[in-house]
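FYI, the numbering just counts along the sequence from 1.
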Amino acid sequence: MKRINLPKKSIATLTTLMLFLNTGFAFADIKKDESVYVVLKNNGDVEKRIVSTWINSDEKLGKFKDVSNLKNITNVKGDEKPIIDGSNVNWNVNKEDLYYKGDSKKQLPIDVDIKYQLNGKESTPKDMKGKSGNFKITVDLKNKEKRTCKIDGKNKEMYVPFLTATEVLLQRDNFKNIKINSGELEDDGKNCSVTFASFPGLKESIDVSTDVEKYLKLEDKLVIEGKTTKFEMPSIMIMATPQLPELKGIDENSTLSDLSQALDKLKKGGDELLNGSKKLLDGNNELNSNFAKFDKGVKSLDKGSNDINNGISKLSKATPTLNQGAKSISSGLGQLNESQGKFSNGVDSFVGSTNKLYQAYSGIHSGIESANEGANALQSGLSNGAGGVDSLIASTGSIDKVAGNLNNVASTLDETNPEAAGQLRAMSGSLSQVSQGQRNGLSSLKSGMSSAVSGANSLSAGLGKLSSGSSSFYSNFNSLVDAGSTLSSSSKKLSQATSSLENGSQKLVAGTDELNKGANQLTEGGKTLVSGTKQLNTNSSKLLKGTNDLAKGSNDLYKGVNKLKSEGLDKLYKEGNTKLSDIEGLLDVKDEIVRLSKEYNNFSGISKDMDGSVKFIMKINE
């Protein structure tokens with residue numbers, strides 16, 4: 001194979017860009033773009049993965065099925081709710097775009113390992129903070145996506161290609177004499193920015209000699225060394241993408257014209273990459289803005305959870321009193337229910353006796369009425385009898401008159417018939433005595449009759465009042481009998497109600513027992529809620545700082561990509577003057593590398609009728 005000597009930097013840049021810059025992408029009707037935001041611990045271990053998904057189409061999406069293994073899926077720019085069935089996520093969206101996010105536990109394709117040294121000894125940023133001396137930071141990237149491929153009929157282990165860009169920002173007030181093993185270093189006097197592009201797993205995938213490998217500088221590890229006067233954790237961000245161009249038509253017989261066409265594609269690909277990094281910058285700025293709102297909501301939630309916990313504490317303190325009160329009520333109702341039974345029996349006995357007494361008094365009332373009628377008749381008879389006595393007394397005058405007439409006749413007969421005249425005088429005297437005796441007797445009778453009439457009047461008046469009072473009493477007695485019946489019926493109902501109330505109070509006691517237990521559990525839950533929201537608030541503040549740094553890092557990355565395009569790709573496009581056949585093994589595997597890159601079009605899952613893309617943005621939680 002004919003070899004052509006090229007400047008080392010030109011070959012490295014050419015190979016890099018030719019393999020890893022995206023010059024085009026064929027989309028289906030529905031496209032799915034995933035941005036995997038990863039929060040890393042300062043040693044590179046994963047702390048949290050948040051996947052932001054954008055599904056879009058030229059027309060309204062309508063009903064469609066997505067595939068995703070994310071948890072806590074949330075629509076971030078709409079009210080549509082997903083219907084989740086296992087890994088199938090069904091949507092009905094009446095617009096062209098859908099944005100949602102979710103959490104993932106899936107292993108990342110790129111493993112990040114970061115080590116720190118101070119004065120030659122391995123340490124941690126926490127222990128190094130504020131200290132001075134010689135520092136060393138090593139960022140080691142390893143590709144975890146290994147595949148077995150067929151190359152010329154033989155199995156070959158290859159890695160899904162990932163272009164990674166690492167951005168490290170150090171404050172110049174704290175760091176001096178900074179040196180790096182690879183990448184670009186830019187110093188503006190205030191900050192020192194290190195940009196490191198790498199291709200983890202590429203040197204294992206392509207067959208190149210050791211000399212060519214060194215020539216191409218296929219580094220997977222960034223080493224930063226220098227002096228620190230007061231160590232502070234630098235800002236570290238890593239971006240990775242698997243998207244590659246197809247680069248058709250490039251083989252060992254390619255001419256300068258072919259290379260020129262490929263370089264033209266690479267230049268266009270640089271434009272696409274620049275546009276993509278600009279979109280990433282815009283997206284991160286939007287994420288930062290929205291997360292600031294989320295952080296504000298978290299702080300409100302934290303305050304609300306404290307208020308809830310205080311309320312729960314008050315409830316927990318009140319439930320024992322409530323429970324004791326319920327038990328007192330239940331005990332009192334038990335006694336009341338027992339007394340109510342006795343009361344009902346007493347009411348029944350009283351009602352029975354009242355009915356018997358009422359029946360007995362009916363006869364007494366009838367007798368009073370009869371006596372009243374008799375007294376009225378006696379009064380009338382005695383009054384009439386008194387009038388007859390007066391007539392009889394008056395009639396005695398007639399007897400006296402007859403006696404006088406007999407004396408007159410006797411006087412006349414004294415001379416003629418003295419004997420007859422003596423008899424007449426004797427008869428006259430007898431009549432006078434009879435008249436006088438009759439008057440005396442009738443006078444006594446009249447006097448007695450007057451007393452009798454007076455007594456009859458008093459008796460009639462008394463019996464009249466007695467009869468009137470008896471009638472009123474009899475009527476009231478009847479009402480009392482009716483009330484007794486009502487009292488008996490009400491007493492039975494009251495007894496049933498008291499019994500039901502006692503049963504209910506027993507259930508109330510059982511319920512307050514459970515409430516008391518639940519309040520205790522709720523108290524523990526409230527404490528857990530307060531602890532959780534406090535931790536969420538703390539972590540949210542950290543994440544907010546992370547999104548601020550991420551937005552800044554995205555801006556730095558955009559500047560770096562712009563510099564890479566203008567100073568590297570555009571320059572290479574102008575200076576390209578040779579063939580690709582100088583690099584052994586590259587042409588044999590480049591199609592397979594491109595295929596692997598196209599296959600890796602999602603992280604959390606994708607429906608068969610979608611075309612997808614994915615990128616990873618990793619940020620160290622400082």
Side-chain angles (χ1 to χ4, degrees), residues 37-45 47 110 112-141 163-198 200 217 219-240 277 280-281 284-285 288 541-564 567-568 616-622:
Y37 297 96
V38 184
V39 179
L40 301 176
K41 298 179 182 178
N42 54 30
N43 65 353
D45 290 345
E47 186 173 296
I110 301 296
V112 181
D113 182 39
I114 307 176
K115 288 184 169 51
Y116 306 84
Q117 289 183 7
L118 184 64
N119 296 324
K121 293 183 180 180
E122 189 168 324
S123 185
T124 65
K126 182 179 179 182
D127 292 336
M128 294 168 62
K129 184 174 182 178
K131 296 180 180 179
S132 62
N134 296 322
F135 78 93
K136 182 178 181 181
I137 301 174
T138 304
V139 181
D140 193 2
L141 306 178
L163 165 62
T164 67
T166 302
E167 184 82 16
V168 182
L169 189 66
L170 303 100
Q171 294 182 4
R172 290 292 279 110
D173 290 341
N174 299 327
F175 297 95
K176 312 291 181 184
N177 304 329
I178 300 170
K179 297 179 181 180
I180 58 176
N181 68 320
S182 182
E184 297 289 336
L185 190 151
E186 183 177 327
D187 194 334
D188 62 6
K190 182 178 181 181
N191 292 297
C192 181
S193 174
V194 176
T195 304
F196 171 64
S198 63
K217 290 189 175 182
E219 292 283 354
D220 297 339
K221 185 182 296 185
L222 169 65
V223 180
I224 305 174
E225 296 180 272
K227 291 185 178 295
T228 176
T229 56
K230 183 180 180 182
F231 186 87
E232 292 288 341
M233 179 67 193
S235 173
I236 302 176
M237 188 177 74
I238 302 166
M239 176 181 165
S277 63
L280 174 63
L281 173 62
N284 285 336
N285 287 333
N288 187 38
S541 298
K542 292 180 180 178
L543 285 174
L544 179 60
K545 184 178 183 302
T547 57
N548 288 331
D549 293 340
L550 185 62
K552 185 178 184 305
S554 298
N555 185 52
D556 294 336
L557 180 65
Y558 173 70
K559 291 179 180 178
V561 171
N562 192 29
K563 181 179 179 182
L564 179 66
E567 297 183 8
F616 299 85
I617 303 95
M618 294 172 272
K619 181 73 173 63
I620 301 298
N621 184 358
E622 301 172 23

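- Scored by the side-chain contact (heavy atoms from CB on, under 4.5 Å) test, Asp45 finds Lys41, Asn43 as partners (sequence neighbours excluded).
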Please set out all donor-acceptor pairs under 3.5 angstrom arising from side-chain atoms of residues 227-234, sequence neighbours excluded.
{"from": "Lys227", "atom 1": "NZ", "to": "Asn134", "atom 2": "OD1", "distance (Å)": "2.8"}
{"from": "Thr228", "atom 1": "OG1", "to": "Asn174", "atom 2": "O", "distance (Å)": "3.0"}
{"from": "Thr228", "atom 1": "OG1", "to": "Lys230", "atom 2": "N", "distance (Å)": "3.3"}
{"from": "Thr228", "atom 1": "OG1", "to": "Phe231", "atom 2": "N", "distance (Å)": "3.1"}
{"from": "Thr229", "atom 1": "OG1", "to": "Asp173", "atom 2": "O", "distance (Å)": "3.3"}

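- Separating the CE atom in Met237 from the CG atom in Leu169 is a distance of 10.0 Å, to the nearest 0.5 Å.
- Residues Val168 and Ile137 have side chains not in contact (no heavy-atom distance under 4.5 Å, counting atoms from C-beta outward).
- Listed here is the closest heavy atom pair of Asn119 and Gly133: OD1-CA, 3.4 Å.
- Shown here for Lys221 and Asn181, the closest heavy-atom pair between the two residues is O-ND2, 3.0 Å.
- Put simply, CD1 on Ile178 and SG on Cys192 are 3.5 Å apart, with the number rounded to the nearest 0.5 Å.
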Tell me, with the steps shown, if Asn191 and Gln171 meet side chain to side chain contact (heavy atoms under 4.5 Å, CB included).
CA-CA 5 Å; Asn191 292 297; Gln171 294 182 4; 3.9 Å; yes

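- The side-chain heavy atoms of Glu184 and Ser193, taken from C-beta on, include no pair separated by under 4.5 Å.
- Applying the side-chain contact (heavy atoms from CB on, under 4.5 Å) criterion to Lys136, with sequence neighbours excluded, gives Gln117, Thr138, Val223, Glu225.
- Residues Glu219 and Ser198 have side chains not in contact (no heavy-atom distance under 4.5 Å, counting atoms from C-beta outward).
- Residues passing the salt bridge (Lys or Arg N to Asp or Glu O under 4.0 Å) test with Lys115, sequence neighbours excluded: Asp113.
- With a 4.5 Å cut-off on side-chain heavy atoms, Thr166 and Leu141 count as touching.
- Environment of NZ in Lys129: sparse, with no more than 12 heavy atoms of neighbouring residues, nucleotides or ligands closer than 6.0 Å.
- Within the 4.5 Å cutoff, side-chain heavy atoms of Arg172 are placed close to those of Asp187.
- Ser132 is linked by a side-chain contact (heavy atoms from CB on, under 4.5 Å) to nothing, counting only residues two or more places apart in sequence or in another chain.
- Taking Phe135 as the reference, Phe175 meet the ring-ring contact (aromatic ring centres under 6.0 Å, His included) condition, with sequence neighbours excluded.
- Glu167 CD to Leu222 CG: the interatomic distance, rounded to the nearest 0.5 Å, is 10.5 Å.
- Contact record, Leu40 with Val38: CD2-CG1, 3.6 Å, taken as the closest heavy-atom pair.
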From CA spacing to verdict: side chain to side chain contact (heavy atoms under 4.5 Å, CB included), Thr124, Asn42
CA-CA 8 Å; Thr124 65; Asn42 54 30; 5.8 Å; no

